[in-house]
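A, B, ... follow the sequence lines: proteins, then strands. Residue 1 opens every chain.
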Amino acid sequence: MSSTIPYERQLNPSQLEAVFYTDSPLLVLAGAGSGKTRVITYKIAYLINDCNVDPGNILAVTFTNKASNEMKERLESLLGKNVDIWVKTFHSAAARLLRIMGNHFQINSNFSIIDQQDQKALVRKIIKDLKIDPETYKPEKYVYLIERAKDRLLNADEAFSEDFSTDPVFYDIYRIYEDKLEKENLLDFGDLIFKLIKGLSQNDRALSSLKDRFRFILVDEFQDTNHAQYDLIKKLTMPSGRICVVGDDDQSIYGFRGARIENILSFSKDYKNAKIIKLEENYRSYQTILTASSRLIDNNPGRLGKKLYTKKGEGEKLQFYRASSDYNEAFYIAGQIDELTGYDKYTYSDIAVFYRMNAQSRIFESVFSRMRIPYTIIGSLRFYERAEIKDIISYIKLSLNPMDEISLRRIVNKPPRGIGQKTVDALIKVTIERGYPFYRIGSDLDIQPSRVALVQNFLDFFETLRDRVNNSSLPQLFKFLFDESGYLDWLLTENREEKARNLDELYNAVEEFSKNNPSSPVSEFIEEVSLNQAGSDGEESQNNRVHLITLHNAKGLEFPVVFMAGMEEGIFPHFLSRTMHKDLQEERRLCYVGMTRAMEKLYLTAAEERKLYGNSIKRGISNFIFELPQDLIILNMEEGVEYTSAKPRERSVWQDSQSYRYHQNRVSPGLNKVKRGPDKTGAEMPDLEVNCRIIHTKFGHGRVLSLERGVALIQFDNGTKIKLMLQYSPIVKETT
DNA sequence: CCAATAAGTGTTTTT
DNA sequence: CACTTATTGG
């Protein structure tokens, strides 16, 4: 091959086959760590470089914005030049297309995009307006149903005739919801795909021009596509068949959001001449990690089945640790991190702690900062979901789309302007009745005389803002908004300095964006913000920190050392995974995903008692632990803590788990006692004094009673008095 | 209309 | 626990 890219040197035979194969639709079944992103990237490069495909004719779909940025970067370094190619998420691609061609199918192209918070608020309002009880008719439930209906390409009427839900109220709510969005020119996430498909199926010309434009489509993380997304793909690639999808049925973890693992199975039915290539060589983990995780995932029925192998060798056994409390669990992990970074070759950034829910990150934050372990939280408090950020963004959304009631309500009285509920209601009523943007409404507005001037003030400000939106640079616009709206002053007088700091960060993001996209209009920034729920990057560049991250967010990443915390029945697998969408299997896949992120060392930890939402609850060890090959696990635990599975009451939850039966009352024989590594040497003795408060990894909080010759007598808060040799004890001084 | 306080509530994962 | 929503009194 006369190519400038050394494919043969950088890809194995199966990968090469996948990259070069273009004769028919291609499904690449790529196991964890088998280089699937690499395959997609090289394939795109191959198409451009060696097959003379115009980059503009390629559409590559990724699962997150982060992934798409990464892929773009890799691609550019591979081709050695900037390429104008669409590497986007389904949602951002659809949004962009709707902006461009929406006018062909009755979509006003300055629609704004609402997020889940807004959806929920809107549905709650609808429920209240219907005068039914939000207790029994929970907004979350209806948001969920509406989203699923949209995935299935059903509007309210269609859902009704298809008998989509057994709940009759749902159809009323959905209908009103649809109506509201339509009137206010708003689209939710599901609409982006849904409306595009609808438009395309009613407009042949638009469809064929799009097919002509995207002559080759590649989809990453195919197992996480929903019905609508797959439908869109089919619309665009049938009958041409120029499509390549890459996925792994074992890593499908977004079923709760409509992802259909079956899409992988359907692929070769839908595309009759599809070719399937499996990638089974893993380049990431040692064999032990692969063996253990395969055993776990084997418990899922109906898998396509892959046998991952590695040439990296056996590696170490997994470690399991059970602490008495969540607090001690965090301390144990902190202690291990100390050792790993002290004696071993590891740096902080080699290490990640995974957990099931964001709420679990708190305890690590407090323990790590006390133990001076640098950390960064990925994706938790999502930046663009913070109230102050949404407020500012809403001002701009409103100026771009003055019919946006949600945004208007949001900001009309922030900061306080003397415009209350009644006045806003009147304002909106007229807006909707007349169909005019509200700012054109003059004196015929039915409000208290004392409010007229106040409303006028607001409208005047808003006029100026609209002018700025059109005529100022992005940074200027935001500066204007911060200052002239009175928002920043309001925050400062209210003593919300942290929020003010967040606005600074927003300003940085704005500057960054306008530097990278000098010619982009404001609306593009807003769109990026609306679709990029993941939030403030930039933190990512902070070097050498332990990553704290949810299992869902961990997909696609890898770390030399991984801790999976909270391996408790009810936490992971989460107890709601049964009621909401009875999917223990998905939880198991999530566990599999977590485990296969680890390259060298994998620690699983659990607490006997854990505080969640205010009260402490005791839970058994996750059944996932018992599904692993026990001979590949080194067991450690705090004294007095047992290696047992869930309590009977909790266990009844898992009637549907094939495995629970085997583990009833299982108690491990001959455990290792708490094993402390060769840790703290004399060099690192804590500097304590009599009476100071300390924290001990194992025993918790206490106070120093006496000190002599490196031995401290400590009174622990739980009543026990113990003499400890400082040199060997996991003690730190309490710093609060 | 608004700020402060009380009450209550729901507890996963995210484009 | 931490957050949102409802109520009250100014």
Side-chain angles (χ1 to χ4, degrees), chain A residues 61-68 88-95 113-117 119-121 124-125 128 134-135 138-141 143-144 147 150-151 187-193 221 224-226 228-229 252-259 354-363 378-382 384-385 387 412-424 447-448 450-451 454 493-494 528 530-535 549-555 566 570-581 583 586-587 589-591 593-594 610-617:
Chain A
V61 185
T62 57
F63 193 65
T64 64
N65 294 291
K66 203 172 114 206
S68 92
K88 289 176 182 294
T89 65
F90 272 106
H91 296 274
S92 68
I113 299 167
I114 61 169
D115 64 17
Q116 222 166 23
Q117 283 177 24
Q119 287 184 69
K120 204 172 120 191
R124 177 176 288 119
K125 188 161 179 308
K128 274 197 199 148
E135 296 299 299
K138 294 201 193 316
E140 304 78 38
K141 180 187 165 193
V143 169
Y144 178 79
E147 286 189 329
K150 287 184 179 180
D151 291 348
L187 300 183
D188 61 27
F189 282 112
D191 281 334
L192 295 171
I193 316 287
E221 307 282 13
D224 285 321
T225 52
N226 64 31
Q229 292 164 340
S252 168
I253 56 174
Y254 285 96
F256 66 92
R257 170 179 116 180
F354 297 165
Y355 36 80
R356 179 69 235 270
M357 340 178 243
N358 281 309
Q360 289 169 259
S361 71
R362 272 201 114 76
I363 193 144
I378 306 290
S380 153
L381 358 92
R382 263 153 282 169
Y384 291 111
E385 277 175 17
V412 69
N413 210 29
K414 278 183 203 158
R417 297 187 171 90
I419 301 176
Q421 187 104 54
K422 276 258 161 65
T423 313
V424 187
I447 53 175
Q448 296 279 319
S450 64
R451 303 292 123 188
L454 297 170
T493 55
E494 297 275 307
E528 174 144 320
S530 307
L531 291 171
N532 184 7
Q533 301 279 302
I549 188 166
T550 63
L551 284 154
H552 281 86
N553 268 318
K555 185 154 85 159
I571 299 288
F572 189 33
H574 194 274
F575 67 107
L576 283 184
S577 60
R578 170 173 143 268
T579 51
M580 278 285 267
H581 26 73
D583 214 345
E586 181 154 310
E587 295 282 304
R589 290 193 292 268
L590 190 56
C591 188
V593 167
R610 139 172 270 119
K611 212 165 168 191
L612 200 58
Y613 308 118
N615 40 6
S616 275
I617 299 177

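In terms of modelled atom types and a separation under 3.5 Å, the side chain of Arg417(A) and the main chain of Leu454(A) share no donor-acceptor contact. Judged by distance alone, the side chain of Asn413(A) and the main-chain N or O of Gly420(A) form no donor-acceptor pair under 3.5 Å.
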Under 3.5 Å between N/O atoms: give me all the protein pairs with nucleotides 2-5 of chain B, atom names plus distance.
residue, atom, partner, partner atom, Å
dC2(B), OP1, Gly418(A), N, 2.5
dC2(B), OP2, Asn413(A), ND2, 2.7

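A search for ring pair (Phe, Tyr, Trp, His ring centres under 6.0 Å) contacts involving His552(A) returns Tyr254(A), Phe256(A), not counting sequence neighbours. Annotation: salt bridge (charged side-chain N to carboxylate O under 4.0 Å, His left out) contacts of Lys611(A) (sequence neighbours excluded): none. Listed by chain and residue number, Glu221(A), Asp224(A) satisfy the salt bridge (charged side-chain N to carboxylate O under 4.0 Å, His left out) test with Lys555(A) (two or more places apart in sequence, or in another chain). Partners of Thr89(A) under the side chain to side chain contact (heavy atoms under 4.5 Å, CB included) rule, at least two apart in sequence or in another chain, are Thr62(A), Asn65(A), His91(A), Ser92(A).
The NZ-P distance, from Lys66(A) to dT14(B), rounds to 12 Å in whole Å. Distance, Leu531(A) CG to dT15(B) P: 10 Å, rounded to whole Å. Straight-line distance from the NZ atom of Lys555(A) to the P atom of dT15(B): 11 Å, rounded to whole Å. Across the protein-nucleic acid pair, Glu140(A) atom CD and dT12(B) atom P stand 9 Å apart, rounded to whole Å. When the P atom of dT14(B) is taken as reference, atom NE2 of His574(A) falls 12 Å away, rounded to whole Å. Look at CD on Glu528(A): it is 14 Å from C1' on dT15(B), rounded to the nearest Å. Between Leu551(A) atom CG and dT13(B) atom P there is a gap of 11 Å when expressed in whole angstrom units. Between Phe90(A) atom CZ and dT15(B) atom C1' there is a gap of 11 Å when expressed in whole angstrom units.
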Which parts of nucleotides 1-10 of chain C does protein reach within less than 4.0 Å, heavy atoms only, written one letter per nucleotide 5' to 3' as B for base, S for sugar-phosphate only and - for none?
BS--SS----
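Side-chain atoms of Phe90(A) and Asn226(A), non-hydrogen and from C-beta on, never get closer than 4.5 Å to each other. Looking only at side-chain heavy atoms (C-beta outward), Glu147(A) and Asp188(A) stay at 4.5 Å or farther from each other. Between Glu140(A) and Arg124(A) the shortest side-chain heavy-atom distance falls below 4.5 Å.
An OP1 or OP2 oxygen of dT15(B) is reached within less than 4.0 angstrom by no side-chain nitrogen or oxygen of Asn226(A). OP1 and OP2 of dT12(B) both lie 4.0 Å or more from every side-chain N or O belonging to Asn358(A). Taking 4.0 angstrom as the limit, Asn553(A) places a side-chain polar atom (N or O) nearer than this to OP1 or OP2 of dT14(B).
Both stacking criteria are satisfied for Phe256(A) over the base of dT13(B): a centre-to-centre distance under 5.5 angstrom and an angle between ring planes under 30 degrees. Centre separation under 5.5 Å together with a plane angle under 30° does not hold for the ring of His91(A) and the six-membered base ring of dT15(B), so they are not marked as stacked.
Annotation: dT5(C) and dT12(B) have their P atoms spaced 16 Å apart (nearest Å).
Counting all heavy atoms, side chain and backbone alike, Asp151(A) lies closest to Arg257(A) at OD2-O, 3.6 Å.
DNA chain B is contacted by both Arg257(A) and Lys138(A); Lys138(A) maps to the nucleotide lying nearer its 5′ end (nearest heavy atom per residue). Place Thr550(A) and Val424(A) on DNA chain B by their nearest nucleotides, and Val424(A) ends up nearer the 5' end.
In the set dT15(B), dC1(B), dT13(B), dC1(B) carries the atom at the smallest distance from any side-chain atom of Thr423(A).
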